[in-house]
Amino acid sequence: MLRKRVITALILAPLAALAVFELKSEWFSLVLGVLTLLAAWEWAALIGIRSLLKRTIYLSALIVPMAGVYFWTQILELMAQLLNWPDIRNYSGWLDILVVPPVLFWLVMMFLLRKTPDNLLKMTIKTVHKAFIGVMLLSAFWMFLCRLKAFYGAEMVMYLLLLIWAADVAAFFVGRRFGKTKLAPEISPGKTVEGAYGALAAAALCAIALSLGYGFNFMVSSDFLLLSVLTVMISVYGDLFFSLIKRQRGVKDSGALLPGHGGILDRLDSLIAATPFFYAGIFLIGRLII
């Protein structure tokens with residue numbers, strides 16, 4: 001299993017880097033959109049949407065907000081012409097406010113997963129509510145990773161990916177070597193507190209390396225250090241959240257597309273949680289610098 005996992009990672013990592021650095025924002029959005037829809041297909045199966053028709057409708061429900069975000073500027077331009085309201089073009093940046101709901105969701109979920117994992121595991125949530133949660137989380141992931149590339153550059157997207165990958169690797173090997181205290185045994189018996197600390201340490205090292213490489217001053221370096229550690233902390237509990245859903249469904253993986261990793265959702269789970277939080281942090285750091 002570990003061998004398959006490593007081989008798959010060695011294939012996927014260069015492909016991800018090529019997509020980040022070589023694809024223009026429009027094509028990057030399209031490729032990421034396809035991956036997001038594949039993850040949504042797996043999510044639909046996890047929450048009990050079985051029929052092909054209902055899953056197709058569910059994917060359509062996700063495509064609508066994604067298309068709205070993608071064509072937001074054109075929509076505002078059309079509204080300005082139809083309503084004779086040129087000032088409406090100034091609302092192009094208002095999409096950033098949409099980062100608030102997913103960030104709040106992940107903060108609350110992190111607290112609940114830490115304090116009451118048993119209650120969450122026993123909680124019965126209607127399929128329609130799970131479907132809504134999936135649309136919110138997946139569309140936010142797609143939207144803010146695309147905006148991160150468009151507004152802050154490919155380097156920042158690559159840093160986020162490296163941050164999550166390094167944390168994932170550190171958590172695995174530190175947990176395997178030193179892990180004794182289970183993080184949430186009811187949900188994911190393999191995850192340990194020691195592994196989580198390893199992930200946070202990796203995040204700190206990534207932030208230090210970035211700051212040294214770009215010559216950030218002490219204030220910006222401190223901001224990136226804090227943001228990186230908190231982002232990884234959110235990602236750890238994002239992973240646990242999807243493990244919770246899989247445990248409730250009685251499955252180990254969301255799919256079998258990626259050897260050693262499971263499905264697309266299994267590979268993206270940490271990143272889905274981390275992306276809105278990281279984007280919000282970068283947005284705030286940029287405002288503080290200005």
Side-chain angles (χ1 to χ4, degrees), residues 12-13 15-17 19-21 23 25 28-40 42-43 62 65-66 69-70 72 93 95-110 113 133-168 171 199-200 202-203 206-207 210 223-224 226-243 245 254 261 263-286:
L12 293 179
L15 292 176
V20 170
F21 287 109
L23 294 181
S25 293
F28 179 79
S29 299
L30 178 60
V31 171
L32 186 61
V34 171
L35 290 177
T36 303
L37 291 176
L38 289 173
E42 295 176 352
W43 174 261
L62 182 60
M66 291 170 67
V69 169
Y70 187 82
W72 181 246
L95 284 176
D96 285 332
I97 198 67
L98 295 178
V99 79
V100 175
V103 167
L104 290 177
F105 174 87
W106 288 119
L107 289 174
V108 171
M109 191 54 60
M110 180 175 66
L113 283 166
I133 290 172
V135 169
M136 177 184 70
L137 298 181
L138 291 170
S139 60
F141 158 71
W142 172 82
M143 172 183 174
F144 291 107
L145 196 59
C146 291
R147 290 176 77 81
L148 189 66
K149 176 176 169 62
F151 298 148
Y152 299 100
E155 292 84 358
M156 197 59 70
V157 175
M158 198 67 231
Y159 174 73
L160 174 59
L161 295 181
L162 289 172
L163 180 67
I164 300 304
W165 294 343
D168 187 40
L200 297 180
C206 286
L210 179 74
D223 289 339
F224 263 100
L226 180 61
L227 175 60
S228 298
V229 171
L230 292 178
T231 297
V232 165
M233 188 181 299
I234 289 288
S235 78
V236 169
Y237 284 94
D239 190 341
L240 274 178
F241 169 75
F242 287 102
S243 295
I245 301 300
S254 64
H261 292 270
I264 297 295
L265 199 57
D266 294 310
R267 186 63 277 174
L268 294 179
D269 49 12
S270 298
L271 194 60
I272 290 170
T275 297
F277 189 88
F278 185 78
Y279 181 89
I282 293 297
F283 179 86
L284 292 175
I285 289 174

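Within the 4.5 Å cutoff, side-chain heavy atoms of L32 are placed close to those of C146. Between T275 and L160 there is a side-chain heavy-atom pair separated by less than 4.5 Å. Contact check for V69 versus W142: side-chain heavy atoms found under the 4.5 Å cut-off. Considering only heavy atoms from C-beta on, M158 comes within 4.5 Å of F21 through its side chain. Between M66 and L138, the closest side-chain pair of non-hydrogen atoms is not below 4.5 Å. In this structure the side chain of L148 reaches within 4.5 angstrom of the side chain of L145, judged on heavy atoms.
Distance alone, capped at 3.5 Å, is enough to place a donor-acceptor pair between the D266 side chain and the S254 backbone. Remark: side-chain polar atoms of Y279 are not paired, donor with acceptor, to backbone N or O of F141 under 3.5 angstrom.
Between W106 and I272, the shortest heavy-atom contact is NE1-O, 3.9 Å. Residues P65 and V135 approach most closely at CG-CG1, 4.4 Å, considering heavy atoms. When all heavy atoms of A202 and A166 are compared, the closest pair comes out as CB-O, 3.8 Å. When all heavy atoms are compared, the tightest approach of E42 to L265 is OE1-N, 2.7 Å. Closest approach of M110 to I234, counting heavy atoms only: SD-CD1, 4.0 Å. A16 and W165 make their closest contact through CB-CH2, 3.9 Å (heavy atoms, listed as atom of the first residue, atom of the second, distance).
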**Request:** Dump the intermediate steps for side-chain contact (heavy atoms from CB on, under 4.5 Å) on F224 and I282, then the final yes or no.
**Result:** CA-CA 8 Å; F224 263 100; I282 293 297; 3.6 Å; yes
**Request:** Go through L200 and V236 one step at a time and tell me if the side-chain contact (heavy atoms from CB on, under 4.5 Å) criterion holds.
**Result:** CA-CA 9 Å; L200 297 180; V236 169; 5.7 Å; no
**Request:** List the steps, then state whether side-chain contact (heavy atoms from CB on, under 4.5 Å) holds for M156 with F278.
**Result:** CA-CA 10 Å; M156 197 59 70; F278 185 78; 3.9 Å; yes
**Request:** Could you check F283 against F144 for side-chain contact (heavy atoms from CB on, under 4.5 Å), going step by step and ending with a plain yes or no?
**Result:** CA-CA 11 Å; F283 179 86; F144 291 107; over 6 Å; no
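Taken from CG in D168 to CG in D239, the straight-line distance is 7.5 Å, to the nearest 0.5 Å. Separating the CG atom in L240 from the OG atom in S235 is a distance of 10.0 Å, to the nearest 0.5 Å. In this structure, D269 CG and I264 CD1 are separated by 11.5 Å, a value rounded to the nearest 0.5 Å. One finds the OG atom of S25 at 11.5 Å from the CZ atom of R147 (value rounded to the nearest 0.5 Å). For the atom pair L137 CG and T36 OG1, the distance stands at 12.0 Å (nearest 0.5 Å). Distance OG/S228 to CG/L163: 5.0 Å, rounded to 0.5 Å.
In this pair, F241 and F105 present their aromatic rings perpendicular. The plane angle is above 60°, beyond the 30 to 60° band.
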